[in-house]
Peer 1: 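First, the structure itself, so that you have it in front of you.
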Amino acid sequence: MTSKKNGAVPRHIAVIMDGNGRWAKRRLLPRLAGHKQGVESLRRCARACVERGVQVLTVFAFSSENWNRPQEEVSGLMSLLANALAKEVAQLSRDGVRLYFVGDRQGLSDKVREGLAEAERITAHNTRLVLNVCFNYGGRWDIAQAAQKLVVQGLELTPENLDRAMALAHVPDPDLMIRTGGETRISNFLLWQAAYTELFFSNALWPDFDEAALDEAIAVFGGRERRFGQTSEQIQPSSAVTLTA
């Protein structure tokens, strides 16, 4: 899909939700308090995406590298996920949100795995917004697991086959990727899918990322020219007038 500078709303937004820990530290709170506030920000962002006509929201909730964090924080994040599933899924379902949990479920507790599967089952009929929660996910893992699938199936390693084997094959590639927290890297997130994604870096910490910040990112996206390897002249409609006798 080619998009010109026309104020378009992205069909698929991906978000690296960075800054929870720093948000808490600035308030002399434990890091887990920042993650709890981050859940509220995600709820707000999902609702705003529905209102603005975004069809897919993909968020980076827990990377495969996050296991290296202090054990207390990791355990707290797992408990937070379980509690959030219990509290939020019913409302998300009423709001028309379909949940997918994307990532390697090996190594997660039985309770967490069962919670993820149940949340996906409860929301499977919803169509207003697809919310992909990338949990225990890494872009390199995603590419490796896709390649392994093709090897097992005896299929050739082509871009088209890999695309169909990726963990996010059920949605189009993201149009816009937002990273909060002031960092300017993508940190092993959607490495394959982000080949032509527009990037937007926000200085706001994730718990402070509100509807106005989302609108700013969408406005910047709408002002960009997406060429997908073509030239500007190729994607602009011709202004020439053909005269016939």
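Counting begins at 1 with the first residue of the sequence. Quick note: numbers below take in every heavy atom, side chains included, and nothing from hydrogens, waters or symmetry partners.
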Peer 1: Any donor and acceptor pair, going by atom type alone, linking the side chain of Arg44 with main-chain N or O of Phe209 inside 3.5 Å?
Peer 2: yes

Peer 1: Kindly compute the distance separating CD1 (Ile16) from OG1 (Thr180), expressed to the nearest 0.5 Å.
Peer 2: 8.5 Å

Peer 1: Please answer: with hydrophobic residues joined when any side-chain heavy atoms are less than 4.5 Å apart, are Val59 and Leu92 in the same cluster?
Peer 2: yes

Peer 1: Counting heavy atoms not belonging to Lys149, are there more than 12 under 6.0 Å from its NZ?
Peer 2: yes

Peer 1: How about Trp23 and Gln37: do any of their side-chain heavy atoms sit closer than 4.5 Å?
Peer 2: yes

Peer 1: What I'd like to find out is whether the side chain of Arg31 reaches to under 4.5 Å of the side chain of Lys25, using heavy atoms alone.
Peer 2: no

Peer 1: Donor-acceptor pair, Gln145 side chain versus Ala165 backbone, under 3.5 Å?
Peer 2: yes

Peer 1: May I ask you to test the Leu190-Thr197 pair for a side-chain heavy-atom distance under 4.5 Å?
Peer 2: no

Peer 1: Test of understanding: clusters of I, L, V, M, F, W, Y form through side-chain heavy atoms closer than 4.5 Å, transitively. Do Val50 and Leu42 belong to the same one?
Peer 2: yes

Peer 1: Roughly how far, to the nearest 0.5 Å, is CD of Glu88 from OG1 of Thr123?
Peer 2: 13.0 Å

Peer 1: Would you say CD of Gln153 has more than 12 non-hydrogen atoms from neighbouring residues, nucleotides or ligands within 6.0 angstrom?
Peer 2: yes

Peer 1: Quick check: do Leu32 and Asn20 have side-chain heavy atoms less than 4.5 Å from each other?
Peer 2: no

Peer 1: Determine the minimum heavy-atom distance between Asn203 and Gly182, stating which atoms define it.
Peer 2: OD1-CA, 3.6 Å

Peer 1: Show your working on side-chain contact (heavy atoms from CB on, under 4.5 Å) between Val15 and Phe60 and close with a plain yes or no.
Peer 2: CA-CA 6 Å; Val15 182; Phe60 206 6; over 6 Å; no

Peer 1: Kindly give the heavy-atom pair with the smallest separation between Ser41 and Pro207, and that separation in Å.
Peer 2: CB-CA, 4.0 Å

Peer 1: Quick one: are Leu214 and Cys49 in side-chain contact, heavy atoms under 4.5 Å?
Peer 2: yes

Peer 1: Using modelled atom types and a 3.5 Å cut-off, is there a donor and acceptor pairing between side-chain atoms of Asn126 and backbone atoms of Gly96?
Peer 2: no

Peer 1: Do the side chain of Arg140 and the main chain of Leu191 share a donor and acceptor less than 3.5 angstrom apart?
Peer 2: no

Peer 1: Test of understanding: clusters of I, L, V, M, F, W, Y form through side-chain heavy atoms closer than 4.5 Å, transitively. Do Ile178 and Val54 belong to the same one?
Peer 2: yes

Peer 1: So do the side chains of Ile13 and Pro174 get within less than 4.5 Å of each other, counting heavy atoms only?
Peer 2: no

Peer 1: Under the salt bridge (charged side-chain N to carboxylate O under 4.0 Å, His left out) definition, can you give me all pairs with a residue in residues 116-136, not counting sequence neighbours?
Peer 2: Arg105-Glu120, Glu118-Arg121

Peer 1: Are the side chain of Asn136 and the backbone N or O of Gly103 linked by a donor-acceptor pair below 3.5 Å?
Peer 2: no

Peer 1: Applying side-chain contact (heavy atoms from CB on, under 4.5 Å) to Asn188 and Ser63, what does each step give before you reach the verdict?
Peer 2: CA-CA 8 Å; Asn188 196 26; Ser63 81; over 6 Å; no

Peer 1: To the nearest 0.5 Å, tell me how far Leu129 CG sits from Arg52 CZ.
Peer 2: 12.5 Å

Peer 1: Could you report the tightest heavy-atom contact between Ala147 and Leu162, atom names first, then the distance?
Peer 2: N-CD2, 3.7 Å

Peer 1: Looking only at heavy atoms, which two atoms of Ala24 and Gly34 are closest? And how far apart?
Peer 2: CB-N, 3.7 Å

Peer 1: Can you name the nearest heavy-atom pair linking His170 to Val102, along with the distance?
Peer 2: CE1-CG2, 4.3 Å

Peer 1: What do the steps show when you test Arg98 against Ser93 for side-chain hydrogen bond (donor to acceptor under 3.5 Å, both in side chains), and what is the final call?
Peer 2: CA-CA 7 Å; Arg98 181 171 187 175; Ser93 188; over 6 Å; no

Peer 1: Do Leu99 and Ile122 have side-chain heavy atoms sitting under 4.5 Å apart?
Peer 2: no

Peer 1: Look at the side-chain heavy atoms of Ile, Leu, Val, Met, Phe, Trp and Tyr, link any pair under 4.5 Å apart, and say whether Val133 and Val56 land in one connected group.
Peer 2: no

Peer 1: Can you spot which of Thr58, Asp142, Asn132, Asp104 makes a side chain to side chain donor-acceptor pair (under 3.5 Å) with Tyr137?
Peer 2: Asp142

Peer 1: Mind checking the CG-CE spacing from Leu205 to Met17? Nearest 0.5 Å is all I need.
Peer 2: 13.5 Å

Peer 1: When clusters are formed by joining ILVMFWY residues with side-chain heavy atoms under 4.5 Å apart, either directly or through shared neighbours, do Trp141 and Met177 land in the same one?
Peer 2: yes

Peer 1: Show, in sequence, the C-alpha distance, side-chain angles and deciding distance for Trp206 and Asp18, and conclude whether the side-chain contact (heavy atoms from CB on, under 4.5 Å) test is met.
Peer 2: CA-CA 6 Å; Trp206 175 244; Asp18 192 20; 5.9 Å; no

Peer 1: When you measure from the side chain of Arg22 to the backbone of Gly181, do you find a donor-acceptor pair of N or O atoms at a distance under 3.5 Å?
Peer 2: yes

Peer 1: Please report whether the ring centroid of Phe135 lies less than 6.0 Å from that of Phe101.
Peer 2: no

Peer 1: Nearest 0.5 angstrom please: Leu108 CG to Glu114 CD, how far?
Peer 2: 11.5 Å

Peer 1: Closest approach of Pro159 and Trp192, non-hydrogen atoms and distance?
Peer 2: O-CZ2, 3.6 Å

Peer 1: Atom OH of Tyr100 and atom CG of Leu116: how far apart are they, to the nearest 0.5 Å?
Peer 2: 14.5 Å

Peer 1: Using a 4.5 Å cut-off on heavy atoms from C-beta on, say whether the side chain of Glu183 contacts that of Phe201.
Peer 2: no

Peer 1: Set out, in order, the CA-CA distance, both residues' side-chain angles and the distance that settles side-chain contact (heavy atoms from CB on, under 4.5 Å) for Arg179 and Ile186, then state yes or no.
Peer 2: CA-CA 8 Å; Arg179 179 171 185 147; Ile186 62 174; 5.9 Å; no

